[in-house]
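What you see below is based on every heavy atom in this structure, not just the backbone, and it leaves out hydrogens, waters and symmetry mates.
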Amino acid sequence: MSTPPVPSRLKLPWHYLRSTLIDSTPGVISAWKTFAEEYKLGSHLPIVQKTHGRRLADTLKDETICNIQDTELLDSEILRFEDLVIQGSPVALEGAIEFLTQLDSHHDMRSRWTIVTSASRYYATQCIPKCKIPVPTSGFVTADDVNEGKPKPTPYLEGAKKLGVDVTKCLVIEDAPSGVQAGNSAGAKTLAVCTSHKREDFENYSEEIKRPTYIIDDLTGVRVKWENGKIQLTIDTRRRPDGSAIL
């Protein structure tokens with residue numbers, strides 16, 4: 001009989017690049033249902049799964065999806081889509097506010113994290129306050145700030161640049177395979193949170209570039225505090241008693 005893994009504890013000068021904060025699933029599903037009907041894309045659910053974590057601009061331009069190449073139309077459709085998502089009443093994911101509150105609890109930690117999102121600045125500035133998510137003192141990185149989105153490493157490289165640190169000293173916290181790949185490609189360590197994908201989706205990747213450093217069920221499995229001039233991070237990688245993941 002194997003013994004369950006114990007929580008991992010890291011005492012390192014980590015910086016945090018986060019995009020796993022808000023559950024906008026109902027709004028995203030509703031928005032894609034509308035767009036799938038208008039653009040005659042068939043079932044919207046495979047698109048929701050396929051595009052999770054990607055920049056909306058990249059998705060809407062994709063020739064296999066909406067194929068919107070006109071810049072003016074693309075910009076207006078991004079706003080329309082994101083307004084539909086906001087109407088779906090996004091909420092903070094379980095443990096997100098508590099974890100960020102811990103990071104903000106010591107003045108030396110407040111400048112060591114930022115938000116890196118595939119959403120536009122319009123959406124981020126609407127939803128982050130709406131969901132009562134703390135705003136990082138360094139600001140955040142949105143889809144508007146980069147030329148390439150996830151799974152390219154550019155967003156997380158930009159996040160590390162915003163913090164003024166080496167990306168290899170950063171921990172990327174993600175719930176999307178494309179985001180994990182982006183973090184790994186950037187050279188950061190990655191923590192996958194199983195709020196939108198099954199644990200097995202991350203465990204069974206054959207390609208190392210897509211496999212996260214750590215996997216947890218949700219953000220309640222992470223604790224952080226300032227100790228001896230470093231951030232001490234505790235990650236409980238154990239499965240829940242029923243082995244489930246949030247879907």
Side-chain angles (χ1 to χ4, degrees), residues 10 12-22 24 52-58 75 78 82 90 92-93 95-193 209 212-214 219 222 224-226 229-233 235:
L10 304 176
L12 296 166
W14 287 116
H15 296 73
Y16 299 92
L17 307 176
R18 301 177 49 79
S19 65
T20 309
L21 299 171
I22 295 172
S24 56
H52 180 63
R54 292 177 59 190
R55 291 195 311 171
L56 184 56
D58 296 333
D75 290 341
I78 289 172
E82 292 187 330
L93 283 166
I97 294 176
E98 292 79 4
F99 179 62
L100 294 184
T101 299
Q102 291 173 43
L103 278 174
D104 273 352
S105 65
H106 192 284
H107 63 86
D108 285 324
M109 292 196 289
R110 289 175 194 151
S111 62
R112 294 186 177 227
W113 68 277
T114 190
I115 295 171
V116 178
T117 176
S118 293
S120 72
R121 184 161 295 275
Y122 167 76
Y123 180 87
T125 54
Q126 296 283 318
C127 277
I128 290 174
K130 185 182 180 73
C131 295
K132 297 180 170 52
I133 297 291
V135 176
T137 59
S138 59
F140 42 78
V141 177
T142 73
D144 302 327
D145 301 316
V146 294
N147 294 322
E148 294 180 311
K150 306 167 189 177
K152 299 292 186 180
T154 311
Y156 285 120
L157 292 173
E158 188 65 26
K161 181 180 177 181
K162 181 173 284 291
L163 293 176
V165 298
D166 185 337
V167 71
T168 61
K169 298 297 184 183
C170 293
L171 176 69
V172 166
I173 303 178
E174 265 285 355
D175 69 337
S178 61
V180 169
Q181 183 174 344
N184 285 340
S185 296
K189 291 189 182 299
T190 50
L191 170 63
V193 185
I209 194 64
T213 314
Y214 308 100
L219 288 169
V222 184
V224 62
K225 65 180 180 179
W226 185 258
K230 295 179 181 179
I231 295 178
Q232 176 178 300
L233 178 71
I235 305 172

Visitor: Look at the side chain of Ser138 and the backbone N and O of Lys162, then say whether any donor-acceptor pair between them is shorter than 3.5 Å.
Guide: no
Visitor: Can you list every pair that meets salt bridge (charged side-chain N to carboxylate O under 4.0 Å, His left out) and has a residue in residues 99-111, with sequence neighbours left out?
Guide: none
Visitor: Would you say the side chain of Leu100 lies within less than 4.5 Å of the side chain of Trp113, judging by non-hydrogen atoms?
Guide: yes
Visitor: Using a 4.5 Å cut-off on heavy atoms from C-beta on, say whether the side chain of Ile173 contacts that of Phe99.
Guide: yes
Visitor: Quick check: closest heavy atoms across Tyr156 and Val172, and the distance to 0.1 Å?
Guide: CZ-CG1, 3.4 Å
Visitor: Return the minimal non-hydrogen interatomic distance between Ala124 and Pro129, and the atom names on each side.
Guide: O-CD, 3.8 Å
Visitor: Taking side chain to side chain contact (heavy atoms under 4.5 Å, CB included) as the definition, give me every residue that meets it alongside Lys161, ordered by chain and number, with sequence neighbours left out.
Guide: Glu158
Visitor: For Ser120, enumerate each residue passing the side chain to side chain donor-acceptor pair (under 3.5 Å) test, keeping only those at least two apart in sequence or located in another chain.
Guide: Glu82
Visitor: Salt bridge (charged side-chain N to carboxylate O under 4.0 Å, His left out) with Asp144: which residues, sequence neighbours excluded?
Guide: none
Visitor: Applying side chain to side chain contact (heavy atoms under 4.5 Å, CB included), can you list everything that pairs with Thr213, at least two apart in sequence or on another chain?
Guide: Lys189, Thr190
Visitor: Can you name the residues that form a side chain to side chain donor-acceptor pair (under 3.5 Å) with Gln102, not counting sequence neighbours?
Guide: none
Visitor: Would you mind reporting whether Phe140 and Ile128 have side-chain heavy atoms less than 4.5 Å apart?
Guide: yes
Visitor: Show me the pairs that pass salt bridge (charged side-chain N to carboxylate O under 4.0 Å, His left out) and involve residues 118-133, at least two apart or across chains.
Guide: Arg121-Asp145
Visitor: Using modelled atom types only, decide if a donor and an acceptor are shared between the side chain of Thr114 and the backbone of Gly139 within a distance under 3.5 Å.
Guide: yes
Visitor: Just so I know, are the side chains of Ser118 and Pro155 near enough to count as touching, which here means a heavy-atom distance under 4.5 Å?
Guide: no
Visitor: So Val193 and Val222, do their side chains get closer than 4.5 Å, heavy atoms only?
Guide: no
Visitor: Considering all heavy atoms of both residues, which atom of Ala92 and which atom of Ile133 are nearest to each other, and what is their separation?
Guide: CB-CD1, 3.7 Å
Visitor: Side-chain contact, heavy-atom cut-off 4.5 Å: Trp226 with His107?
Guide: no
Visitor: In chain order, what residues pass the side chain to side chain donor-acceptor pair (under 3.5 Å) check against Glu148, with sequence neighbours excluded?
Guide: Thr154
Visitor: To the closest 0.5 Å, what do you measure between NZ (Lys169) and CG (Leu163)?
Guide: 14.5 Å
Visitor: Ignoring hydrogens, what is the shortest heavy-atom contact between Ser178 and Lys150? Give both atom names and the distance.
Guide: O-CB, 3.8 Å
Visitor: Holding to side chain to side chain contact (heavy atoms under 4.5 Å, CB included), I want the full list of residues that pass it with Ser185, two or more places apart in sequence or in another chain.
Guide: Pro153, Gln181, Ile209
Visitor: Evaluate the side chain to side chain contact (heavy atoms under 4.5 Å, CB included) criterion for residues Leu219 and Glu98: first the C-alpha distance (whole Å), next the side-chain angles of each, then the deciding distance (0.1 Å), finally the verdict.
Guide: CA-CA 9 Å; Leu219 288 169; Glu98 292 79 4; over 6 Å; no
Visitor: Going from CD1 on Ile97 to CG on Leu21, what distance comes out if it is rounded to the nearest 0.5 angstrom?
Guide: 9.5 Å
Visitor: If we only count heavy atoms from C-beta on, is the Thr117 to Ile22 side-chain gap below 4.5 Å?
Guide: no
Visitor: Taking all atoms of both residues into account, what is the closest heavy-atom pair of Ile115 and Pro134, and its distance?
Guide: CD1-O, 4.2 Å
Visitor: Any donor-acceptor pair under 3.5 Å linking the side chain of Arg55 with the backbone of Asn147?
Guide: yes
Visitor: Rounded to the nearest 0.5 Å, what separates atom CZ in Arg112 from atom NE2 in His106?
Guide: 10.0 Å
